[in-house]
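Please read the structure below before turning to the comments.
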Amino acid sequence: MPDNRVIVTDESTGQSLELPVIKGTEGEPTLQIKALPSTLGYFTYDPGFTATASCTSKITFIDGGKGILRYRGYPIEQLAEHSNFLEVAYLLLEGELPTAAEFEAFDREITYHTMIHEKLRTFISGFHYDAHPMAMMAGVVGSLSAFYHDKMDMDNPKHRRLAAIRMIAKMPTIAAACYRHHMGWPAVYPDNSLSYTENFLNMMFSVPSEKYEVSQVAAKAFDLLFILHADHEQNASTSTVRLVGSTGANPYASVAAGISALWGPAHGGANEAVLTMLAEIGDVSRVGEFIDRAKDKNDPFRLMGFGHRVYKNYDPRATIIRQAAHEVLQEIGSDDPLLSLAMELERIALEDEYFISKKLYPNVDFYSGIIYKALGIPTSMFTVMFAIARTVGWVSQWLEQEDVGTPIGRPRQVYAGAAERDYKQIGSR
Ligand code: ACO
């Protein structure tokens, strides 16, 4: 609730307006500007929404300056150490940590929905074998509304929740099916005796001709990575999901749009871009050259995996994942030269005045790709891993928005095109 005010005065007319200040539980005070156009006749201009809150949310809190990330109040460090991905999914969806009985019921509910319609597999097989998996994911998830239209009354809270559960449950099955299509491998169906991440790894990598044992190191690492990627308040893809959802579009269409937004290299596509960049650098001796390119204003090259819109301090997820990257590589005995290259890049960038002054630190995606690579995930699937985890955040945010009921998202613009002019016949132009 507002408890103090800021006064804006238009000096050309002398007219003033008191703007209420909204204070959340934590975070910066925010001005409520809704009355500006109707009273003073002004809109506000904020490309990239760097200073604009688009909603009120109770799900995730970030303090970018202090490097803090909390889901429903719980620090990410504690969740990473003590929780598991499905428990975090419950927390994000329901707002509280589950009791043992609630967790068991939730686990069963997710497990029950892991299968996908057989015709979806036919749909997947229609893609060219070398289609990018993110293109397939966006298409297949968007099509879910055509397969599961039985419970699609979005005014019904039970139907809304079921759609959310279905997406969390089916995403690993769809992702693995897309990968297997690319590889030309036969389908592997969900095995409900396995945990969420074990099941995913089994669907990805097991083949009929050989016994496949899910590596516990890999399952644990995936669980951690999924926890770290599960939500990140109003980032580009989540804002996309909310914006599409605000039109009344179905949740599958909304999440498909989120997947497309995530694909961009400035967002979730960065983990793939980091590996491409490391391969391009190729050798520790060339790190300096690429650092110089990143600093050169005339060169569009940026250090992938560095910088963040919100964190102007170390990304807390990067601290956790950096440690995990070392542990995983040690446990599986990998001596991937890309890791030493990444470490050298990190060391030099952290000592460089350009990166220090601009507060450009390694972000979560700087390290996630290295772990995925070590665990046998092909580079083109990295962002799909992110999408599986972030689905929990997308559907939690979508549910929160739908439960409250928000107006359609519709930003304004500053028109800078031609003023009114008369049409000329083609012969006289
Ligand atoms: N390498 C070199 N310079 C950079 C980098 C980088 N990775 N990131 C930002 N800068 C510079 C910019 O050139 C700019 O310099 P200037 O002030 O002299 O013009 C300054 O730092 C601020 O950059 P902005 O683009 O204004 O910062 P913004 O907050 O809009 O961008 C972003 C954040 C998109 C993440 C950016 O840092 C970037 O492109 N990083 C690389 C891609 C990446 O790793 N994305 C993953 C983000 S995390 C996630 O989605 C999970």
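None of these values were measured; they are calculated from a predicted model. For ligands, and for the atoms within them, numbers begin at 1 and follow the listed sequence. For the single chain, residues carry numbers from 1 onward in sequence order. Computation of the quantities below employed the complete heavy-atom set of this structure, encompassing side-chain atoms and omitting hydrogens, waters and symmetry-equivalent molecules.
The nearest protein atom to atom 21 (O) of ligand 1, hydrogens excluded, is given as Lys358 CD, 3.4 Å; this is a heavy-atom distance. Among protein heavy atoms, atom 3 (N) of ligand 1 sits closest to Tyr354 OH, 3.0 Å. Of all protein heavy atoms, the one closest to atom 2 (C) of ligand 1 is Ala294 O, 3.7 Å. Residue, atom and distance of the protein heavy atom nearest to atom 25 (O) of ligand 1 are Arg302 NH2, 2.9 Å. The protein heavy atom nearest to atom 50 (O) of ligand 1 is His267 ND1, 3.0 Å. If you check which protein heavy atom lies closest to atom 33 (C) of ligand 1, you get Arg309 N, 3.6 Å. Closest to atom 1 (N) of ligand 1, if we only count protein heavy atoms, is Leu303 N, 3.1 Å. When only non-hydrogen protein atoms are considered, atom 19 (O) of ligand 1 lies nearest to Lys297 NZ, 3.4 Å.
In this model, a donor atom of one side chain and an acceptor atom of the other lie less than 3.5 Å apart for Asn192 and Thr114. A donor atom on one side chain and an acceptor atom on the other are found under 3.5 Å apart for His267 and Ser237. One side chain, Asp10 or Tyr42, offers a donor N or O that lies under 3.5 Å from an acceptor on the other.
Using a cutoff of 4.0 Å between basic side-chain nitrogens and carboxylate oxygens, Arg242 and Glu400 are scored as salt-bridged. Checked for salt-bridge contact, Arg72 and Glu94 miss the test: no charged N lies under 4.0 Å from a carboxylate O. Comment: Arg293 does not engage Glu289 in a salt bridge, judged by the lack of any side-chain N to carboxylate O separation of less than 4.0 angstrom. For the pair Arg161 and Glu109, the salt-bridge criterion is met [side-chain N within less than 4.0 Å of a carboxylate O].
Any N or O atom pair closer than 3.5 Å counts here, and Leu360 shares no such pair with ligand 1. Ligand 1 has no nitrogen or oxygen under 3.5 angstrom from a nitrogen or oxygen of Phe386. Not a single N or O atom of Met304, backbone or side chain, sits closer than 3.5 Å to an N or O atom of ligand 1.
Using bins of under 30°, 30° to 60° and over 60° for the plane-to-plane angle, the ring pair His232/Tyr311 lands in the tilted bin. The aromatic rings of Phe301 and Phe290 stand perpendicular to each other, their planes meeting at an angle above 60°, with 30° marking the opposite boundary.
Counting only heavy atoms, the protein never gets under 4.0 Å from atom 27 (O) of ligand 1. Remark: atom 9 (C) of ligand 1 lies closer than 4.0 Å to at least one protein heavy atom.
The CD1 atom of Ile227 sits 11.0 Å away from atom NE2 of His82, with the distance rounded to the nearest 0.5 Å.
Taking a 4.0 Å cut-off on heavy atoms, Arg390 fails to register as neighbouring ligand 1. Within the 4.0 Å heavy-atom shell around ligand 1 one does not find His232. At least one heavy atom of Pro265 sits under 4.0 Å from some atom of ligand 1.
For Tyr71 and Phe61, the distance between ring centers is not under 6.0 angstrom.
If you number the atoms of ligand 1 from 1 as listed, the ones under 4.0 Å from a heavy atom of Lys312 come out as 29 (O). Within ligand 1, the atoms closer than 4.0 Å to a non-hydrogen atom of Ala266 are 45 (N), 46 (C), 47 (C), numbered from 1 in the order shown.
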